[in-house]
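Here the structure is laid out as structure tokens; the discussion comes afterwards.
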Amino acid sequence: MFNDEGLSRLVEDGVIDAVHSRLMSGKEATVYIVEREGHFGAAKVYKPRDERTFKKTASYTEGRNQTRNSRDRRAMHKKTAYGRGLSEEGWQDMEFQALRAAFDAGVRVPEPYNLYENILLMELVVDAQGAPAPRMADVHLTADEATQLHQQVFLQVKALLTIGRIHGDLSAYNVLMAAAGPTLIDMPQAVNVAGNNNARQILRRDLRNVTEHLARFDARLLRFADCGDILFLHLLNGTLDQVSGPEIGAPPAHGGGGHRHRDAERGRAGREKAQRPQVAAAARTDQAPRHVRGNQRDRAAQATAHPDPRPAGKTAHHPGANRGGPAPGQHQTGGSSAPQHSRPSGGPSSGGQPASGGGGRNSRNRRGRR
């Protein structure tokens, strides 16, 4: 009925009494129904890496403290034969540890018993009739049942998040319809939130997978497609305990005066500060001496004005414009408080207007405009 050497050794060593049947086979393991002292359980036999279809583990294992030995870390990084063996052990042990932590925290998962080399012994999840529980993917639901199931799975994911873990590969194939309620299984790729930069995207994808499957029975559930992202924002805001179900839209910012609130305040201050230089520059211009105001305004006008199509030597005249110097056709009085700057005779001022008090060509220009 089975040809696994590991299971045969467990029978020979008296760890289990019998292997009854194969329950299911997945991308990283095969599960068998086993018996010990009249009680049924599940034995999950992990496949060798070259036989697994689920091999892209880098995004899940980021942040895991798999070993503190520098030699082992180098071997795992270089993927030597010894290093690959360590990685496999860590991959299998991660599921045992994740299930243990989740079960102890009250998350609905199968209780893990022991890990023998590449075999995980755990509770057999059953339905209301005592038979092995079917997967969510294998049952038909009414719209109301789908909505209720979505709520229940969401709360299990939230409970898992409260202990800093994310399932990592959640789908309709990894949720069993148990007598006690939907039960999460298959967690070797469980993610540690604190040390994984991909945690938010992984959580969002987990709940989106479940939501899109259940939306086949109730399309209204699609409005919760991004509820995983919103749930993660609650974690960041410290408001996870206030969540009672999937939500639409980002949660309100937490105003508790914490570190994130201060960051938000600094962000607003920065946006306001970005607008201040323009206001401050205008204030400085208004308070500057008259000849300085004129030069600043002239430079700003030159930066945006179109080139004058008239021949060189002709200057543009804007009726009523006051650029800080005397109006065209007027002479500045000697009592002006603005200091006078000397310019080459007959040359234009820095703002493109005729220099005041000059003669010759500039005087003829002013007479011509009159």
Provide the closest heavy-atom pair for [X] versus [Y] in the form atom of the first, atom of the second, distance.
{"X": "Asp218", "Y": "Ala143", "value": "OD2-O, 3.7 Å"}
{"X": "Asp241", "Y": "Lys158", "value": "O-NZ, 4.2 Å"}
{"X": "Ser25", "Y": "Thr30", "value": "OG-OG1, 3.3 Å"}
{"X": "Ala225", "Y": "Arg208", "value": "O-CB, 3.6 Å"}
{"X": "Val107", "Y": "Leu160", "value": "CG2-N, 3.8 Å"}
{"X": "Val34", "Y": "Ala43", "value": "CG1-CB, 3.7 Å"}

Under a single-linkage definition using a 4.5 Å side-chain heavy-atom cutoff for Ile, Leu, Val, Met, Phe, Trp and Tyr, are [X] and [Y] assigned to the same hydrophobic cluster?
{"X": "Leu184", "Y": "Leu161", "value": "yes"}
{"X": "Phe224", "Y": "Leu207", "value": "yes"}
{"X": "Met187", "Y": "Leu120", "value": "yes"}
{"X": "Val19", "Y": "Val15", "value": "yes"}
{"X": "Phe232", "Y": "Ile230", "value": "no"}

Under a 4.5 Å cut-off applied to non-hydrogen side-chain atoms, are [X] and [Y] in contact?
{"X": "Val11", "Y": "Leu7", "result": "no"}
{"X": "Val191", "Y": "Asn198", "result": "no"}
{"X": "Val157", "Y": "Leu203", "result": "yes"}
{"X": "Val139", "Y": "Leu141", "result": "yes"}
{"X": "Tyr173", "Y": "Asp186", "result": "no"}
{"X": "Leu176", "Y": "Pro134", "result": "no"}
{"X": "Asp127", "Y": "Met177", "result": "no"}
{"X": "Ser21", "Y": "Tyr32", "result": "no"}

Check the pair Leu149, Val153 against side-chain contact (heavy atoms from CB on, under 4.5 Å), reporting the backbone distance first and the verdict last. CA-CA 6 Å; Leu149 186 57; Val153 172; 4.2 Å; yes
Run through Arg200, Arg204, Arg205 and flag the one making a salt bridge (charged side-chain N to carboxylate O under 4.0 Å, His left out) with Asp229. Arg200
In Å, rounded to the nearest 0.5 Å, how long is the span from [atom1] of [X] to [atom2] of [Y]?
{"X": "Arg108", "Y": "Ile185", "atom1": "CZ", "atom2": "CD1", "answer": "14.0 Å"}
{"X": "Asp206", "Y": "Asp169", "atom1": "CG", "atom2": "CG", "answer": "7.0 Å"}
{"X": "Leu121", "Y": "Leu10", "atom1": "CG", "atom2": "CG", "answer": "6.0 Å"}
{"X": "Asn114", "Y": "Ile16", "atom1": "CG", "atom2": "CD1", "answer": "11.5 Å"}
{"X": "Leu221", "Y": "Leu214", "atom1": "CG", "atom2": "CG", "answer": "6.5 Å"}
{"X": "Phe103", "Y": "Glu111", "atom1": "CZ", "atom2": "CD", "answer": "3.5 Å"}

Scan side-chain atoms only and decide if His150 and Thr211 contain a donor-acceptor pair under the 3.5 Å cut-off. yes
Using distance alone, with no hydrogens and no angle criterion, decide if Gln242 and His234 have a side-chain donor and acceptor under 3.5 Å apart. no
Let me see the working for Val175 and Thr183 under side-chain contact (heavy atoms from CB on, under 4.5 Å), right down to the final yes or no. CA-CA 5 Å; Val175 178; Thr183 301; over 6 Å; no
Taking Lys44 first and then Glu28, would you say they form a salt bridge - that is, a charged N and a carboxylate O separated by under 4.0 Å? yes
Which residues pass the salt bridge (charged side-chain N to carboxylate O under 4.0 Å, His left out) test with Arg135, not counting sequence neighbours? Asp138
Within a radius of less than 6.0 Å around CZ of Phe217, do more than 12 heavy atoms belonging to other residues, nucleotides or ligands occur? yes
For Gln189 and His167, run side-chain contact (heavy atoms from CB on, under 4.5 Å): C-alpha distance rounded to whole Å, both residues' side-chain angles, the deciding distance at 0.1 Å, then the answer. CA-CA 7 Å; Gln189 66 290 319; His167 185 282; 3.5 Å; yes
